[in-house]
Amino acid sequence: MFRALLVVLLAVAQIVAPQASKIAGFGMTIANAGGSSPPGPEQPSGYAFAIWGLIFTMAILFAVRQALPSRRDAALYQTVGAPAVVLFAGSCAWMLAAQFYGNGLVLLGLIWLMLLAAGRGFFRTLAMRASLDAFDRFVTLPMFALYTGWLAAAVWLNTGSVLKFYSSFAMGLTPSIFAAALLVLIAGLSLLLLRKAHGYLPLGLTTLWALGGIAHANIVLRPNTQIATLAIGLALMVVGYLLWQRRPVVKSEF
């Protein structure tokens, strides 16, 4: 019961945490915590971060459902309860650290921890997919998938931000080469996760959303043809993999 209530509190806290510096009257906004001004070519357009609104909404729905007396002891919620606690707590901690500590290794460690927790929750839920009811198929599983897919991009963007913060300029690389390396890492990790998830569509769509946001930023906001082309090319690779996973399987009669 305690863990179920903790999940609810942390899910709600994720919505409040981004406003902590305003409430406290000191600190910085999360947007200013990265220390990269102007943003590098790897940064997506601002609209891409709207995905957190959907993620947090699904997290609240999940948290309330798993805390209901009739569902509290369900096998799924017992299985993903601990990953949910770590994920939601890590999310709150990351947002608070961003506002009151700023960029650095603390943020980097927290976001990698979030990815590990999200991935654990996602793959545990995916393994129980056949037994999920409608709510868990359309809320719980996609929620963990969206967390995992977005964090698979965010960890590399955060890693790049920390490297810039601590080095003269990311080991001497030009902004475009540095951004290109990060995009390849994002696509590589995302494809590995998609392979393990057998092409689970919401996971792939989240990756496309992230790459699309990067492409948009490099077409409209700060034109960079090379990075925009790379982002679109990597997105097409993800689309191709999703289509390949959904190809009809022809069974041989021999």
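FYI, the numbering just counts along the sequence from 1.
Connection of I30 to I23 is not established within any shared hydrophobic cluster, with ILVMFWY side chains joined at heavy-atom distances below 4.5 Å, either directly or through further cluster members. Under the 4.5 Å side-chain heavy-atom criterion for Ile, Leu, Val, Met, Phe, Trp and Tyr, L54 and L151 are members of the same hydrophobic cluster. Hydrophobic clustering, with ILVMFWY side chains joined whenever heavy atoms are under 4.5 angstrom apart, keeps F138 apart from I55. A continuous path of hydrophobic side-chain contacts links L243 to L211 [ILVMFWY only; heavy atoms under 4.5 Å]. Cluster membership check: F135 shares its hydrophobic cluster with L146, using side-chain heavy-atom separations under 4.5 Å among Ile, Leu, Val, Met, Phe, Trp and Tyr.
Under the ring-ring contact (aromatic ring centres under 6.0 Å, His included) criterion, F49 pairs with W150, sequence neighbours left out. Taking the side-chain contact (heavy atoms from CB on, under 4.5 Å) definition, one finds that A74 meets it with R71, Y77, sequence neighbours left out.
F88 contributes atom CZ, which lies 5.5 Å from atom CZ of F62 (distance to the nearest 0.5 angstrom). Atom CG of residue L194 and atom OG1 of residue T207 lie 5.5 Å apart, to the nearest 0.5 angstrom. Rounded to the nearest 0.5 Å, atoms OH (Y200) and CG (L193) are 14.0 Å apart. The structure places CD of E42 at 3.5 Å from NZ of K164, a figure rounded to the nearest 0.5 Å. Distance OG1/T148 to CG/L203: 6.5 Å, rounded to 0.5 Å.
Atom CZ of R137 has more than 12 heavy atoms from other residues, nucleotides or ligands within 6.0 Å.
Contact annotation: the side chain of D133 approaches that of R65 to within less than 4.5 Å [non-hydrogen atoms, C-beta and beyond]. Between K22 and Q99 there is no side-chain heavy-atom pair separated by less than 4.5 Å. L132 has its side chain out of reach of T140: every pair of non-hydrogen atoms, C-beta onward, lies at least 4.5 Å apart. Between P44 and L157 the shortest side-chain heavy-atom distance falls below 4.5 Å. Side-chain contact between F178 and P41: absent, with no pair of heavy atoms (C-beta onward) separated by less than 4.5 Å. Contact check for L201 versus R246: side-chain heavy atoms found under the 4.5 Å cut-off. L141 has its side chain out of reach of D136: every pair of non-hydrogen atoms, C-beta onward, lies at least 4.5 Å apart. At a threshold of 4.5 Å between non-hydrogen side-chain atoms, the residues I60 and F56 do not count as touching.
Closest of all the heavy-atom pairs between P18 and M95 is CG-SD, 3.4 Å. Taking both residues in full, the closest heavy atoms of A84 and F144 are given as CB-CZ, 4.3 Å, listed atom of the first, atom of the second, then distance. Of all heavy-atom pairs between P142 and M58, the closest is CB-CE, 3.5 Å. Of all non-hydrogen atoms in A98 and L107, the two that sit nearest each other are N-CD2, 3.5 Å. V106 and A97 make their closest contact through CG1-CB, 4.1 Å (heavy atoms, listed as atom of the first residue, atom of the second, distance).
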Solution key, residues 6-14 side-chain donor-acceptor pairs under 3.5 Å, sequence neighbours excluded:
unit_1	atom_1	unit_2	atom_2	d
Q14	OE1	S91	OG	3.0
Q14	OE1	Y147	OH	2.7
Q14	NE2	Y147	OH	3.1

Hey, can you pull the donor-acceptor pairs under 3.5 Å for the side chains in residues 109-127, sequence neighbours left out?
unit_1	atom_1	unit_2	atom_2	d
W112	NE1	T159	OG1	3.4
R124	NH1	T79	O	2.8
T125	OG1	G121	O	2.7

Show me the donor-acceptor pairs, under 3.5 Å and distance only, between side chains in residues 220-239 and residues at least two apart or in other chains.
unit_1	atom_1	unit_2	atom_2	d
R222	NE	G40	O	3.2
R222	NH2	G40	O	3.2
R222	NH2	Q43	O	2.2
N224	OD1	Q226	N	3.3
N224	OD1	I227	N	3.2
N224	ND2	S176	OG	3.0
T229	OG1	T225	O	2.7

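Judged by distance alone, with hydrogens and angles left aside, the side-chain atoms of Q78 form a donor-acceptor pair with the main-chain N or O of R72 at under 3.5 Å.
Other residues sharing a hydrophobic cluster with F26 under the 4.5 Å side-chain heavy-atom criterion for ILVMFWY residues are L96, F100.
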